[in-house]
K.L.:
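Mind having a look at this structure? Questions to follow.
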Amino acid sequence: MNQKNQTQTPFTQPIRCIVKLGGAAITCKNELEKINEEILHRVSEQLRQAMITSSEKPPGMDWSKRPGDSEICCNPDEFGDDSVTECSRFIVVHGAGSFGHFQASKSGVHKGQLNKPLVKGGFVATRISVTTLNLEIVRALAREGIPSIGMSPFSCGWITSERRVSSVDLSPVAKAIDSGFTPVLHGDAVLDEIQGCTILSGDVIISHLAAYSKPKYVVFLTDVYGVYDRPPTEPDAILLKEIAVAEDGSWSVIKPKLQNSIELTVAAHDTTGGMKTKISEAAMIAKLGIDVYIVKAATSHSLKALNGDLRNSIPDDWLGTVVRSSR
């Protein structure tokens with residue numbers, strides 16, 4: 001299904017929420033290919049609380065051997081025919097963090113030129129790394145009883161043209177949701193019609209999915225409390241509570257009122273644009289009339305966002321950034 005000719009969406013029922021798990025939140029970004037197990041576990045718990053209304057935790061679905069265990073954990077008796085668990089229609093997309101970025105930047109995959117042996121080798125290495133992380137996130141969600149399914153953009157036919165999505169078949173994602181599964185997509189190395197190949201970021205995937213699935217709201221889970229007027233490590237950094245997006249895609253800070261300009265930095269090793277990309281993609285989603293919440297993962301503030309508690313009003317004590325249409 002080519003984006004240029006796409007007139008119909010394969011999503012027949014409304015999606016409740018698209019969640020972006022930021023790579024910096026769920027991995028140890030300064031340690032190569034290391035998952036932040038504690039944060040991932042807490043994020044998975046919060047997703048279960050937001051998605052599954054049952055007071056009891058459903059049976060786990062990760063029937064594979066874990067490091068240090070001698071057996072596979074599985075109890076079929078837990079899955080009674082009368083214990084059907086209703087699961088909200090969510091889509092999860094995650095970044096790469098300390099997975100994939102090293103391989104991509106070392107080989108220049110994001111710049112293209114797939115005919116070069118180093119780039120082709122880096123393309124393969126990048127995909128091995130990001131799909132390894134995807135599997136571990138799917139397993140973490142499955143252990144919470146969320147029926148998660150890993151879906152790689154490369155394998156699902158996402159193709160770019162000069163790094164912009166040009167062709168994609170969204171029907172596998174829609175069919176997975178209609179079948180009761182939670183798709184888990186990720187930033188990936190993909191083919192590009194002009195430059196041969198590139199890196200497709202999770203933020204771009206989300207804005208594309210949002211345009212066709214029309215979720216009620218979108219949540220970006222990050223390693224900081226939201227968007228700041230300057231790098232949050234600086235002592236006088238101010239958290240931007242609300243950003244309004246105009247019809248032309250331009251945005252302005254509503255709360256708090258600022259006098260100084262805003263500095264948005266991008267980490268040197270980040271091949272997908274960092275916070276600058278995050279805000280521009282959030283603005284594209286907000287233009288559709290969909291509220292976007294950027295909030296620190298595994299906090300009480302992120303749980304409120306995931307639950308949809310912020311859709312009517314934002315409490316004064318909520319820490320995070322909401323990006324919404326000015327209309």
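Since the structure is predicted, the reported quantities are computational estimates derived from the model, not experimental observations.
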K.L.:
Side chains of Val295 and Thr321, heavy atoms from C-beta outward: is any pair under 4.5 Å?
P.N.:
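No, too far: nothing below the 4.5 Å cut-off.
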K.L.:
Check whether Asn134 reaches the backbone of Val184 with its side chain - one donor and one acceptor, N or O, closer than 3.5 Å.
P.N.:
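Indeed, once roles are kept as given, a pair shorter than 3.5 Å links the two residues.
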K.L.:
Report yes or no: do Val218 and Val19 belong to one cluster of Ile/Leu/Val/Met/Phe/Trp/Tyr joined by side chain heavy-atom distances under 4.5 Å?
P.N.:
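No, no single cluster joins them.
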K.L.:
Decide yes or no on side chain to side chain donor-acceptor pair (under 3.5 Å) for Thr27 and Asn36, but give the supporting numbers first.
P.N.:
CA-CA 5 Å; Thr27 72; Asn36 188 326; over 6 Å; no
K.L.:
Contact between Trp318 and Tyr225 at the side-chain level, heavy atoms closer than 4.5 Å - yes or no?
P.N.:
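Heavy-atom side-chain distance check fails, nothing below 4.5 Å.
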K.L.:
Around atom NZ of Lys214, are there more than 12 heavy atoms of other residues, nucleotides or ligands at under 6.0 Å?
P.N.:
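Yes, enclosed.
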K.L.:
Would you name the heavy atoms of Leu141 and Ser44 that are closest together and state the gap between them?
P.N.:
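That would be CD2-OG, 3.7 Å.
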K.L.:
For Cys197 and Val119, work out which heavy atoms get closest and say how close.
P.N.:
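Here Cys197 and Val119 meet closest at SG-CG1, 3.7 Å.
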K.L.:
Does any non-hydrogen side-chain atom of His208 lie less than 4.5 Å from one of Val168?
P.N.:
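Yes, side chains in contact.
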K.L.:
Kindly write out the residues that satisfy side-chain hydrogen bond (donor to acceptor under 3.5 Å, both in side chains) with Asp309, not counting sequence neighbours, or none if the list is empty.
P.N.:
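side-chain hydrogen bond (donor to acceptor under 3.5 Å, both in side chains) check on Asp309 returns nothing, list empty.
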K.L.:
Would you say the side chains of Ser201 and Asp203 form a donor-acceptor pair under 3.5 Å?
P.N.:
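There is no such pair (donor and acceptor under 3.5 Å, judged by atom type) between the side chains of Ser201 and Asp203.
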K.L.:
Of all the heavy-atom pairs spanning Ser213 and Ile15, show the shortest one and how long it is.
P.N.:
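Between these two residues, the closest heavy atoms are CB-CG1, 3.6 Å.
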K.L.:
Are Arg324 and Glu242 close enough for a salt bridge, meaning some N to O gap below 4.0 Å?
P.N.:
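Salt bridge between Arg324 and Glu242, a charged N being under 4.0 Å from a carboxylate O: yes.
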K.L.:
Is there a side-chain contact between Trp158 and Leu170 (heavy atoms, below 4.5 Å)?
P.N.:
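Side chain of Trp158 against side chain of Leu170, heavy atoms only: contact under 4.5 Å found.
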K.L.:
When you check the gap from the basic side-chain N to the acidic O, do Asp291 and Arg311 get nearer than 4.0 Å?
P.N.:
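So Asp291 does not pair with Arg311 through a salt bridge.
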K.L.:
More than 12 heavy atoms of other residues, nucleotides or ligands under 6.0 Å from NZ of Lys65: is that the case?
P.N.:
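More than 12 heavy atoms, drawn from other residues, nucleotides or ligands, come within 6.0 Å of this atom.
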K.L.:
Within the 4.5 Å heavy-atom criterion, are Lys296 and Leu319 side-chain neighbours or not?
P.N.:
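No. Closest side-chain heavy atoms not under 4.5 Å.
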K.L.:
Under the ring pair (Phe, Tyr, Trp, His ring centres under 6.0 Å) test, which residues partner Tyr217, sequence neighbours left out?
P.N.:
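Counting only residues at least two positions away or on another chain, Tyr217 forms no ring pair (Phe, Tyr, Trp, His ring centres under 6.0 Å).
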K.L.:
Is atom NZ of Lys57 surrounded by more than 12 heavy atoms (other residues, nucleotides or ligands) closer than 6.0 Å?
P.N.:
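Above 12, so yes.
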K.L.:
Is it true that Arg139 and Glu136 have a side-chain N and a carboxylate O under 4.0 angstrom from each other?
P.N.:
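Yes, this pair counts.
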K.L.:
For the residue pair Thr198 and Val109, establish whether any side-chain heavy-atom pair is separated by less than 4.5 Å.
P.N.:
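No, side chains not in contact.
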K.L.:
Shortest non-hydrogen contact from Ser161 to Ile194?
P.N.:
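That would be OG-CG1, 3.3 Å.
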K.L.:
Mind checking whether Ser325 and Val245 have side chains closer than 4.5 Å, heavy atoms only?
P.N.:
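Heavy-atom side-chain distance check fails, nothing below 4.5 Å.
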K.L.:
Please name all residues satisfying side-chain hydrogen bond (donor to acceptor under 3.5 Å, both in side chains) with Ser250, sequence neighbours left out, ordered by chain then number.
P.N.:
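With neighbours one apart ignored, the set is Asp248.
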K.L.:
With distance as the sole criterion, is a donor-acceptor pair present between the side chains of Glu33 and Ser129 under 3.5 Å?
P.N.:
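The answer is yes; a qualifying pair exists.
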K.L.:
For the hydrophobic clusters of this structure (ILVMFWY residues joined by side-chain heavy atoms under 4.5 Å, transitively), does one cluster hold both Leu306 and Leu310?
P.N.:
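Looking at the clustering, Leu310 is in the same group as Leu306.
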K.L.:
Is there a donor-acceptor contact under 3.5 Å linking the side chains of Gln46 and Glu144?
P.N.:
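The criterion, which ignores hydrogens and geometry beyond distance, is not satisfied for Glu144 and Gln46.
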K.L.:
Counting only heavy atoms from other residues, nucleotides and ligands, does the tally under 6.0 Å from NZ of Lys241 exceed 12?
P.N.:
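More than 12 within 6.0 Å, yes.
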K.L.:
Under 6.0 Å from the CD atom of Glu162, do we count more than 12 heavy atoms belonging to anything else shown?
P.N.:
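12 or below, so no.
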K.L.:
Salt bridge check: are Asp188 and Arg127 linked by an N-O gap of less than 4.0 Å?
P.N.:
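Looking at Arg127 together with Asp188, the answer is yes, because their closest N to O distance falls below 4.0 Å.
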K.L.:
If we count only N and O atoms by modelled type, under 3.5 Å, do the side chains of Glu281 and Ser207 hold a donor and an acceptor together?
P.N.:
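Glu281 vs Ser207: donor-acceptor pair found between side chains.
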K.L.:
Side-chain heavy atoms nearer than 4.5 Å, only ILVMFWY residues, links allowed to pass through others: does that put Ile52 and Leu221 together?
P.N.:
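Yes, one cluster joins them.
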K.L.:
Take Phe181 and Phe90 through the test ring pair (Phe, Tyr, Trp, His ring centres under 6.0 Å) and record every step on the way to the result.
P.N.:
CA-CA 9 Å; Phe181 295 107; Phe90 272 55; over 10 Å; no
K.L.:
So which atom in Arg48 and which in Pro58 form the shortest heavy-atom distance, rounded to 0.1 Å?
P.N.:
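Taking every non-hydrogen atom into account, CD-CD, 3.9 Å.
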K.L.:
Do other residues, nucleotides or ligands put more than 12 heavy atoms under 6.0 Å from Met151 CE?
P.N.:
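More than 12 within 6.0 Å, yes.
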K.L.:
Are Ile137 and Ile91 in one and the same hydrophobic cluster, where Ile, Leu, Val, Met, Phe, Trp and Tyr link if side-chain heavy atoms are under 4.5 Å apart?
P.N.:
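Result: no, two separate clusters.
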K.L.:
State, yes or no, whether a side-chain contact exists between Val292 and Val322 at a heavy-atom distance under 4.5 Å.
P.N.:
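No, every pair of side-chain atoms sits at 4.5 Å or beyond.
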K.L.:
Do Val93 and Val43 belong to the same hydrophobic cluster, where Ile, Leu, Val, Met, Phe, Trp and Tyr are linked whenever their side-chain heavy atoms lie under 4.5 Å apart, directly or via other members?
P.N.:
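Val93 does not cluster with Val43.
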K.L.:
Show, in sequence, the C-alpha distance, side-chain angles and deciding distance for Val173 and Phe11, and conclude whether the side chain to side chain contact (heavy atoms under 4.5 Å, CB included) test is met.
P.N.:
CA-CA 9 Å; Val173 177; Phe11 296 92; 4.1 Å; yes
K.L.:
For Pro231 and Ala237, which heavy atoms make the closest approach, and how far apart are they?
P.N.:
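Looking at all heavy atoms of both residues, the shortest contact is O-CB, 3.6 Å.
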